[in-house]
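We count residues from 1, following the sequence as given.
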Amino acid sequence: MAEDSVEKECGVVRIHLWAPPRSCSTSLMYSFGNRKDTLVVDEPLYAHFLKKYPTLFRDARERNDVMKTQSSDWNEVVEKVLRQPMPTGKTVLFIKHMAKQMFFDEDHSFIFDSDAINVLLLRDPVEQLTSWHRTKYDRTIEETGVTHQFQLYSALKRQGVNPVVVDSRHIQSDPQGVLSELCNQCNIPFDENMLEWPAGPRKEDGAWAYYYYTDVHKSTKLHPPTHNRPFPSEMLDLLNECVPFYNLLRCHTICDPRSIPSTSDMSNDVTARNAQALVWVNDRLVSRMYATIPVTDASIQHGHRIQTQILVRGGRVLLLNAHLDHICAEASRIAPAAVVTKATLSDAVLRTLATNGMTTDALVDVTVTPGTVGGTLPTTIVQSRIEEAATTLPLCVRGSDVSFSKNELDSETVFVVSADNILQTAPTMLSSVPRTALLNVMASASFADVTFKEAAADETDLASATEIFLCGARGQLTPVTSLDGVPVGTGGGTAGPMTLRIQEAYQAYVDAHSHAL
């Protein structure tokens, strides 16, 4: 790094703004230029850029004026402009760059100087290209600057430097909030003068202002973005090139609740671990920011999907094969053309758990859809997460004070035991895997003395029940010891003998049909 080679000027902050064309970079320059403590510079590397690309299309007047007013010598610009001594009363140097004007084969050590702050200003490629379409520039990804921004981000991170990433849409939508945080990230105080500035040209404008700054000269503040132009279809291929780079950077933007938490914030805290968990989408694991499916997926178009939750307890995936059989059977029903195999699903579940280090106690959410409408490839999504109660909640809850009200009971999960050993529960067309497992237990010879009855329990059944328990979708058998404040049966607020007997048998069944990790 250049920190040792360049002496830091006491109290000075040098902000390098690396922007794409057609962003709000000039407005941001005016915003900082309205601070009394700030000196601003407009694209000082432009002349060097034009020298490197003598045949690149630019207006003849623009090219001539730039070459007359700027030095095209890279090293001279770095030393005399980017590292210039600050005038009295100025402690912030704000330098607006076009990202494409960075050349990594030149001495770029200034971005690593100890007083340097690098800010990457993004703009949604859809908005950028819609606006940029009106210019005569070459339609290439290099001209957009997004690949240079990605290179800058990577180069800084390799040296342990964290660039500040901000999206122009966020700045325009919430100027005070985002500018305040931007100043905080740059280690300078926020100044309310940044919110508004006088209309008209400014002395720091580059020689190209006559062509590009007409609109910004009419403005006095940042405005919300407008969306009143159609996207040019001939720019679609370029859009598809730009979007991956934009997405990679966008997930690190400040003031965006959708940004991925930094790995430096990783801890053993449950919330942090869940936020960092990778998600299986189709055939690979991706970070949560990229766990997406196309809008043409049948789950979005028609609501067709299968969802199930699988528990992991004590290093075992409970009822894994039963869950996979259930998913495959349901998949063949809603999407006969989409082939879903147990082997593929099992690999997805086990790899997701192993990669996320969630092999002791966790919850796995599995979603399968028919895939893109008209296609034959299904969509598979597997997520794992740790629940704070997971490590303390056993498979079968034996609490002595589990109270419910009648309107909290789901008829498909409530089981009622009557005095004459009749176990009653409502019939269902789509039985959950834990419910099916419980019914298998009750069909065994061990419960030959119990009569099973499929019928919805009404108020009379609930009032006369000796015992009530729930078989939840996640697999817990939970005794209901109080209903609407009234103790169930004669147990005095504790689980009854039949419930305890079923719990024990159910626990043994689950243990025997689980997959050890």
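Here the side chains of H97 and L45 are in contact, with some heavy-atom distance below 4.5 Å. Between T352 and V364, every side-chain heavy-atom pair lies at or beyond the 4.5 Å cut-off. Counting only heavy atoms from C-beta outward, the side chains of T38 and I188 never approach each other to under 4.5 Å. Taking the side chain as every heavy atom from C-beta outward, Q149 and P20 approach each other to under 4.5 Å. Here the side chains of L50 and S72 are not in contact, with every heavy-atom distance at 4.5 Å or above. Within the 4.5 Å cutoff, the side chain of L239 has heavy atoms near those of the F231 side chain. Between V78 and R83 the shortest side-chain heavy-atom distance falls below 4.5 Å. A 4.5 Å side-chain heavy-atom check between Q128 and C242 finds every atom pair outside the cut-off.
Of all heavy-atom pairs between R273 and N356, the closest is NH2-O, 3.2 Å. Across every non-hydrogen atom of L195 and K221, the tightest pair is O-CB, 3.2 Å. In terms of heavy atoms, C24 sits closest to S168 at SG-CB, 3.6 Å. Nearest approach of A275 to R288, heavy atoms of both residues: O-CD, 3.2 Å. D297 and V373 get closest at one heavy-atom pair: C-CG2, 4.4 Å. Nearest approach of P163 to K157, heavy atoms of both residues: CD-CD, 3.9 Å.
Between the side chain of R14 and the main chain of F110, no donor-acceptor pair closer than 3.5 Å is present. A donor-acceptor pair is defined here as one N or O able to donate and one able to accept, closer than 3.5 Å; such a pair exists between the side chain of W280 and the backbone of N282. No donor-acceptor pair closer than 3.5 Å links the side chain of D113 to the backbone N or O of D115. A donor-acceptor contact shorter than 3.5 Å is absent between the side chain of R351 and the backbone of R284. No donor-acceptor distance shorter than 3.5 angstrom exists from the side chain of S31 to the backbone of S27, with no hydrogens or angles considered. Distance alone, capped at 3.5 Å, places no donor-acceptor pair between the D42 side chain and the D205 backbone. Side-chain atoms of S346 never come within 3.5 Å of backbone atoms of K342 as a donor-acceptor pair (strictly under, hydrogens ignored). For Q185 (side chain) and L182 (main-chain N/O), no donor-acceptor pair under 3.5 Å exists by modelled atom type. No donor-acceptor distance shorter than 3.5 angstrom exists from the side chain of N274 to the backbone of T271, with no hydrogens or angles considered. Q70 places a side-chain N or O within donor-acceptor distance of the main-chain N or O of A47, the cut-off being under 3.5 Å.
With values rounded to the nearest 0.5 angstrom, I306 atom CD1 is found 4.0 Å from I334 atom CD1. Between the OG atom of S23 and the CH2 atom of W18 there is a distance of 13.5 Å, given to the nearest 0.5 Å. Once rounded to the nearest 0.5 Å, the distance linking OG1 of T344 with CG of D283 reads 10.0 Å. Atoms CD1 and OG, from I171 and S173 in turn, are 10.0 Å apart once rounded to the nearest 0.5 Å. Distance check: Q309 CD to L363 CG gives 4.5 Å after rounding to the nearest 0.5 Å. Taken from CG in L179 to CG in D191, the straight-line distance is 10.5 Å, to the nearest 0.5 Å.
No hydrogens or angles considered: a donor-acceptor pair under 3.5 Å links the side chains of S131 and R22. Side chains of Y30 and H217: a donor on one and an acceptor on the other come within 3.5 Å. D73 and S71 share no side-chain donor-acceptor pair at under 3.5 Å. Donor-acceptor pairing under 3.5 Å is lacking for the side chains of D167 and T253.
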- Query: Does the pair L377 and T372 meet the rule for a side chain to side chain contact (heavy atoms under 4.5 Å, CB included), with working shown?
  - Reply: CA-CA 7 Å; L377 293 176; T372 301; over 6 Å; no
- Report the C-alpha separation of Y153 and H252 in whole Å, then their side-chain angles, then the decisive distance to 0.1 Å, and conclude whether the side chain to side chain contact (heavy atoms under 4.5 Å, CB included) test is met. CA-CA 10 Å; Y153 182 87; H252 301 290; 3.4 Å; yes
- Message: For L350 and H515: C-alpha separation, side-chain torsions, deciding distance, then whether side chain to side chain contact (heavy atoms under 4.5 Å, CB included) applies.
- Response: CA-CA 10 Å; L350 299 179; H515 179 91; 3.7 Å; yes
- Trace of the side chain to side chain contact (heavy atoms under 4.5 Å, CB included) decision for E241 with T144: CA-CA 10 Å; E241 288 185 68; T144 70; over 6 Å; no
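Residue K96 forms a side chain to side chain contact (heavy atoms under 4.5 Å, CB included) with just one option from L121, V40, T26, V41, and that option is T26. Checked options D124, D174, D256; the residue passing with R169 is D124 (criterion: salt bridge (Lys or Arg N to Asp or Glu O under 4.0 Å)).
Ring-plane geometry between F104 and H108 is classed as perpendicular, the angle between the planes exceeding 60 degrees on a 0 to 90 degree scale with a lower cut at 30. Between F103 and W74, the two ring planes are perpendicular [angle over 60°; tilted spans 30° to 60°].
Residues K100 and E143 are paired through a salt bridge, judged by an N-O separation under 4.0 Å between the basic side chain and the carboxylate. Between R61 and D59 there is no salt bridge, since no side-chain nitrogen of the basic residue lies less than 4.0 Å from a carboxylate oxygen of the acidic one.
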